[in-house]
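Notes follow the structure.
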Amino acid sequence: MSDDKKLTTRAEDFSAWYNEVVLRAELADYSPVRGCMVIRPSGYGIWERMQRALDDMFKATGHQNAYFPLFIPESFLHKEAEHVQGFAPETAVVTHGGGKELDEPLVVRPTSETIIYSMFAKWVQSYRDLPILINQWANVVRWEMRTRLFLRTLEFLWQEGHTAHVTHDEAEEEARKILGLYSDFMEGWMAMPVITGQKTESEKFAGALRTYACEAMMQDNRALQAGTSHNLGQNFAKAFNLTFQAENGEIAHAWNTSWGVSTRLVGALVMTHGDDNGLRIPPLLAPTELVIVPIWKSDDERGRVLETARRVYDSLRDWERREPNRLRVHLDDRESMKPGAKYYEWELRGVPLRMELGPRDIDKNQCVLVRRDTRAKATASLDSVGEDVETLLEAIQDDMVAAALDRREKNSHRGPITYDRFRQLMDGEGGFVYAGWCGDPACETTVKEDTKATIRVMPDEEFRSAEPPRTCVRCGRPSTTEALWAKAY
RNA sequence: CGGGGCGUAGCGUAGCCUGGUAUCGCGCCUGCUUUGGGAGCAGGAGGUCACCGGUUCAAAUCCGGUCGCCCCGACCA
């Protein structure tokens with residue numbers, strides 16, 4: 001990079017752009033351990049806001065937080081056949097403790113179904129003990145071959161919900177409810193619209209009956225799985241003797257669900273909203289919503305401007321209209337940097353709204369407000385700037401989701417499509433293709449080999465095409481289901 | 001694990017082919033002048049050239065090995 005002030009552009013190299021934004025916006029950094037990353041305060045601040053929003057949603061739907069151990073007896077993983085097949089190859093295993101070899105190796109959890117359902121089995125006797133609705137915020141480890149900041153690291157942070165129910169239908173309702181909750185969060189808070197639907201057999205969670213997922217489109221037109229919700233059926237209940245006595249006296253196995261989103265969402269945020277100047281954080285998730293940049297020339301002016309800036313800062317921070325969640329405002333009073341340099345820095349960091357305040361503004365009792373998403377400038381009276389800030393932040397949040405939706409739809413393809421055209425798309429611009437599928441896993445595999453595209457989901461009704469596809473995009477046989485095809489992360 | 005690239009100051013780099021005092025930019029420190037879109041000038045600090053071994057009077061440079069990182073594939077939140 002000849003000009004190391006400028007980012008590589010998305011068009012030049014999307015992958016390089018992504019890495020640069022994450023590093024230079026100080027969201028994360030590489031660690032001394034291969035494949036592991038350090039989440040820095042700017043990145044963790046976003047995750048904390050995500051956590052808070054999601055946690056409130058979980059609590060509002062009756063879930064409680066708990067915490068289960070990091071270590072899982074190796075034998076637990078083997079109790080559910082598909083589960084061990086799916087996860088065993090990518091586990092980290094502890095063989096020694098306190099200088100001695102362990103009798104039974106401990107697996108560092110790649111996910112916690114086994115240990116959690118073993119405990120549920122201990123706690124449940126009667127149908128009256130159900131449902132159990134548990135969530136935990138935790139770290140998990142999966143020994144991936146290839147890693148990328150936030151998108152795939154050996155260790156990552158997530159939440160995993162685990163529930164147990166009396167009936168299949170109740171578990172199904174729970175899995176679906178959470179999928180909807182995730183979708184609402186991603187659209188409402190992250191300004192990232194998603195397609196929801198069911199995964200095919202080949203893509204479903206190891207050990208699940210059915211997997212539902214939220215799929216988002218990144219700016220390089222690839223799909224990112226942003227969250228999953230599984231109906232586990234009775235598979236784990238049977239493996240861990242999670243039984244209860246029903247109302248009629250019979251012993252039955254419980255029905256489970258599990259569901260999770262991870263710090264991958266921070267990466268999704270970058271790839272959904274970032275531009276060639278850096279990050280753009282939707283206001284609801286921004287650790288700082290508004291940054292005030294004072295401008296002065298002489299010492300005399302500096303005193304005057306800073307005094308006003310501090311007054312504005314105090315009044316906005318304590319603004320009662322924003323109780324109980326105070327406006328997250330920062331005053332950048334660093335003296336060694338020119339205003340322009342500060343603008344670039346805050347734009348890189350993605351702060352949604354900037355206030356410029358100089359002598360000329362103060363003379364007119366006004367300030368300049370600049371949106372990060374559009375870089376549009378507007379003046380506002382200092383007497384009522386709170387209202388303007390509030391209005392703009394809401395507009396930014398709304399416009400960001402609208403822009404993301406618009407981008408996704410522009411790069412989505414519906415209607416009859418030949419396999420040649422499909423291959424051409426996947427080879428070039430990419431995007432989401434809604435096309436028919438005969439239901440044969442062989443076609444799925446062939447398409448993947450030919451194009452690297454996979455069925456992301458069999459979309460839910462609201463996302464399906466008005467005219468259902470008639471034939472399988474690969475083989476031409478009658479379509480049994482509409483599928484969303486795309487290259488994925 | 002296969003293919004490619006790369007390890008030189010906090011970051012980014014030149015030098016390596018053809019061995020001989022460590023290059024430049026950003027950042028950092030001090031001072032002065034600056035501050036409405038990435039400040040200027042002057043002075044200054046900062047390096048076991050990834051590691052180990054070999055060749056040589058002499059190695060960042062040549063040879064052998066090791067480790068690590070990034071990118072592209074096969075696997076995945």
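Chain letters run A, B, ... following the sequence lines, proteins first, then strands; residues in each count from 1. For the numbers below, each heavy atom of this structure counts, side chains included, while hydrogens, waters and symmetry mates do not.
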Whole-Å gap separating P (B/rC76) and CZ (A/R109):
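Going from CZ in A/R109 over to P in B/rC76 covers 22 Å.
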
Can you check the A/R24 CZ to B/rC11 C1' distance for me, whole Å?
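Value for this atom pair: 10 Å.
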
For nucleotides 67-71 of chain B, tabulate all protein N/O to nucleotide N/O atom pairs closer than 3.5 Å, reporting atom names and distance.
unit_1: B/rC69; atom_1: OP1; unit_2: A/R34; atom_2: N; d: 3.1
unit_1: B/rC71; atom_1: OP1; unit_2: A/N19; atom_2: ND2; d: 3.2

Distance check, rounded to the nearest 0.5 Å: A/T451 atom OG1 versus A/Q424 atom CD?
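The CD atom of A/Q424 is 13.0 Å from OG1 of A/T451, to the nearest 0.5 Å.
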
Confirm from the modelled atom types if A/E347 and B/rG37 form a donor-acceptor pair under 3.5 Å, side chain to base only.
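Indeed, a donor on one side and an acceptor on the other fall under 3.5 Å apart.
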
Look at the side chain of A/R152 and the base of B/rC76, then say whether one donor and one acceptor between them are separated by less than 3.5 Å.
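Side chain to base: pair present.
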
Mind listing the N/O atom pairs, protein and nucleotides 27-36 of chain B, below 3.5 Å?
unit_1: B/rU35; atom_1: O2'; unit_2: A/W296; atom_2: O; d: 2.7
unit_1: B/rU35; atom_1: O2; unit_2: A/M337; atom_2: O; d: 3.4
unit_1: B/rU35; atom_1: N3; unit_2: A/W296; atom_2: NE1; d: 3.3
unit_1: B/rU35; atom_1: O4; unit_2: A/W296; atom_2: NE1; d: 3.3
unit_1: B/rG36; atom_1: OP1; unit_2: A/K338; atom_2: NZ; d: 3.3
unit_1: B/rG36; atom_1: N7; unit_2: A/R360; atom_2: NH1; d: 3.4
unit_1: B/rG36; atom_1: O6; unit_2: A/G358; atom_2: O; d: 3.4
unit_1: B/rG36; atom_1: O6; unit_2: A/P359; atom_2: N; d: 3.1
unit_1: B/rG36; atom_1: O6; unit_2: A/R360; atom_2: N; d: 2.6
unit_1: B/rG36; atom_1: O6; unit_2: A/D361; atom_2: N; d: 3.3
unit_1: B/rG36; atom_1: N1; unit_2: A/D361; atom_2: OD2; d: 2.6
unit_1: B/rG36; atom_1: N2; unit_2: A/D361; atom_2: OD2; d: 2.9

Can you tell me which nucleotide in B/rC76, B/rA74, B/rA39 comes closest to the side chain of A/K452?
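Side chain of A/K452 sits closest to B/rA74.
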
For RNA chain B, stems built from three or more consecutive Watson-Crick or G-U wobble pairs below 3.5 Å
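B:1-7 with B:67-73, B:10-12 with B:24-26, B:28-33 with B:39-44, B:50-54 with B:62-66 - these are the stems of 3 or more pairs that involve RNA chain B.
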
Ring-face cation contact, A/Y419 with A/R474, 6.0 Å cut, 45° max:
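A/R474 over A/Y419 ring: yes.
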
Cation-pi check, A/R176 to A/Y212: give yes when NZ or CZ is under 6.0 Å from the six-membered ring centre and within 45° of the ring axis, no otherwise.
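Yes, A/R176 sits over the ring of A/Y212.
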
Output the residues of residues 256-284 of chain A in contact with RNA chain B, where contact means a heavy atom of the residue under 4.0 Å from an atom of the strand; sort by number or write none.
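Hits under 4.0 Å, by residue number: A/S262, A/R264.
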
RNA chain B contacts made by residues 38-49 of chain A, counting heavy atoms under 4.0 Å:
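Hits under 4.0 Å, by residue number: none.
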
Scan A/T211 against the nucleic acid and name what it touches under 4.0 Å (heavy atoms): base, sugar-phosphate only, or nothing.
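The answer is nothing, as A/T211 stays clear of every strand by at least 4.0 Å.
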
Applying a 4.0 Å non-hydrogen cut-off, can you work out what A/K448 is touching in the nucleic acid: base, sugar-phosphate, or nothing?
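Sugar-phosphate, no base atom in range.
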
Would you mind writing out the side-chain donor-acceptor pairs for residues 72-80 of chain A within the sub-3.5 Å range, not counting sequence neighbours?
unit_1: A/S75; atom_1: OG; unit_2: A/E104; atom_2: OE2; d: 2.8
unit_1: A/E80; atom_1: OE1; unit_2: A/E82; atom_2: N; d: 3.1
unit_1: A/E80; atom_1: OE1; unit_2: A/H83; atom_2: N; d: 2.9

